[in-house]
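Since the model is a prediction, treat every value here as computed from it, not as a measurement.
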Protein chains: 2
Amino acid sequence: MTKALPFSSSPGAERYIVPGLQRGLQILRCFDRQRPQLGAPEIARELGIPRSTVFRLMQTLEYMGLLEKVDHSSEYRLGIGVLSLGFEYLASIEVTELARPILDRLRDETGFSSHLAIRDGQDVVFVVKAAAKAAFASSVTIGTRLPAHATILGRVMLADLTDEELRNVYTSEELPRYSEQTPETVSALRTILDGDAERGYAVSAAYFEHGIGSIAAPVRDGSGRIIAAINVIFQDGKVDGETYIDRVMQAASDLSRQLNYHPADGKQERRSA
Amino acid sequence: MTKALPFSSSPGAERYIVPGLQRGLQILRCFDRQRPQLGAPEIARELGIPRSTVFRLMQTLEYMGLLEKVDHSSEYRLGIGVLSLGFEYLASIEVTELARPILDRLRDETGFSSHLAIRDGQDVVFVVKAAAKAAFASSVTIGTRLPAHATILGRVMLADLTDEELRNVYTSEELPRYSEQTPETVSALRTILDGDAERGYAVSAAYFEHGIGSIAAPVRDGSGRIIAAINVIFQDGKVDGETYIDRVMQAASDLSRQLNYHPADGKQERRSA
DNA sequence: AAACGCTGTTTCAAATATAAAACAGCTTGT
DNA sequence: ACAAGCTGTTTTATATTTGAAACAGCGTTT
């Protein structure tokens, strides 16, 4: 009786699942910005797990430092243990270290907040950020997830996928909308992506959110695959975004080069493979 | 047959432990900066868990997005799922949001890297960082753990503990040494802490690491307890650290005030309670 | 004040995950 | 070429975890 899909998932890897572990992790994922602290009964109801089992799982999570009791109430919040895990992850990804100085320079050159994001399934996840000094700063923080098909950043990464891969990511043809510009179907998305792929960048105003414009360009590694994307965001209307396309593309290609990508290698573009 | 203590642990909370969950989390904790990718057999040996069990646990972790297969090898590395968890944690802690601008200003005023850290058991954990622009920048990243008794930051936080609480944190009298200045015993540490508590700050050169000096001051919340500490680090000898004590203490007290701490409230100092 | 609902915690039979063993595939050495 | 060792994966009896039920404690309500 496996329930709703977790984060992402390699296709067909659900053969041997340890319920204790799976459910413990589901409990952790119940906590977020909106609901930073929760009690055991609440979680039991939400996940459909018996009270006594949730009780034991949460006690284990507390023992391991991933949950902590909030003061004298019987509620829990995320423990500091999860923080260490998260940052071991960041440290283990080469690209984040290399990206930092590049994003800083891009931020200084443009005056805009710049970000590096990677894709996880249907989501874009921000992993490095260089915040603009101006009052207008982006609200995204490291770890923020946004729908890939509805963001410029996501589009330049999705553009690398073959039709088959894209259908694997989006199993349903219908796509949730976030603005008038969000494509409604996978087919419509495909058309947009083909344009992005040809241009090698994407730029748009108010694509995901009203009043915010963005330019994004893809980052490739030695194999030629797109593994991340860089963007800047700006207040829509206030500037002509197009002016900065070159800067963003330059930053992305600088990073790609550091990751051993050689455009002239004769590596064929991924999509035509 | 419970094994070595995990991260931290509320005393005596090990009654109901779910083995599947505990071992899965132990597996995650095997991954760190030094060993970013590991195979199942290696982990099985290290944790003393049967191969077939580790196999299933890791498959579950992969399914949940906390581990991912590295390319075509049979090894795994941390997955992007842990990142989200870590940042939900940061977002859930009020103090980190408030600290950021204060650390930025402290960095600008002093030219040094400044940090906010909290204590988890015997460890100091860095949660916010404002990196100096100078070439000499600190090597600590968010999530870094250092031994509390051997760092200035840790000392100002430990100074808040009663004798009994301190003995609870350090069950053995002997303390590991990291430099000539590290106290060797809990009693010696207590003496140092009493001085720190009285001064309200701590400053030292080469206390944890050769060539690095640090000044730290405690951050209190509305209850008067020390919940975090702020520090700056500088190259030892190059500057007279003492010069910046006021700046650091000011930053710490600014943050305390934003956390509802009122020095004149008649709240008695914690240690004399 | 009794009854009700909601907890946190414990118990114990029943359902389940576990771990030894075995298999197949792959490298290594001799 | 063979054996020996290492893997990833699967099987299956056994040992364990699970979850319904029950207990005790609390606050409300009637």
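Judged as a side chain to side chain contact (heavy atoms under 4.5 Å, CB included), and not counting sequence neighbours, the contacts of A:Pro41 are A:Arg45. With sequence neighbours excluded, the residues satisfying salt bridge (charged side-chain N to carboxylate O under 4.0 Å, His left out) with A:Arg77 are A:Glu68.
When the local axes at the two ends of the helix from C:dA1-D:dT30 to C:dT30-D:dA1 are compared, using 5 base pairs at each end, they differ in direction by 20° after rounding to 10°.
Side-chain proximity of B:Arg23 to the nucleotides C:dT10, C:dT18, D:dT11 is greatest for C:dT18. In this structure, of D:dT10, D:dT7, C:dT10, it is D:dT10 that holds the atom nearest to the side chain of A:Tyr16.
When the side-chain nitrogen and oxygen atoms of A:Thr53 are compared with OP1 and OP2 of D:dT18, none of them lie within a distance under 4.0 Å.
The ring-ring contact (aromatic ring centres under 6.0 Å, His included) analysis of residues 27-53 of chain A, with sequence neighbours excluded, yields no pairs.
Checked by atom type and distance alone, the side chain of A:Asp160 pairs as donor or acceptor with a backbone atom of A:Ile226 at under 3.5 Å.
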In 5'-to-3' order, the base (B), backbone-only (S) or no-contact (-) status of each nucleotide in nucleotides 20-29 of chain D, using a 4.0 angstrom heavy-atom cut-off, is B-B-------
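Mapping A:Pro19 and A:Glu42 onto DNA chain C by nearest heavy atom places A:Glu42 at the nucleotide closer to the 5' end.
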Walk me through it: do A:Asp194 and A:Arg190 pass the test salt bridge (Lys or Arg N to Asp or Glu O under 4.0 Å)? CA-CA 6 Å; A:Asp194 289 340; A:Arg190 176 83 268 172; 3.4 Å; yes
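Remark: the A:Thr185 side chain and the A:Glu174 side chain contain no N/O donor-acceptor pair separated by less than 3.5 Å.
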Could you list all N or O pairs between the protein and nucleotides 25-28 of chain C that sit under 3.5 Å apart?
none

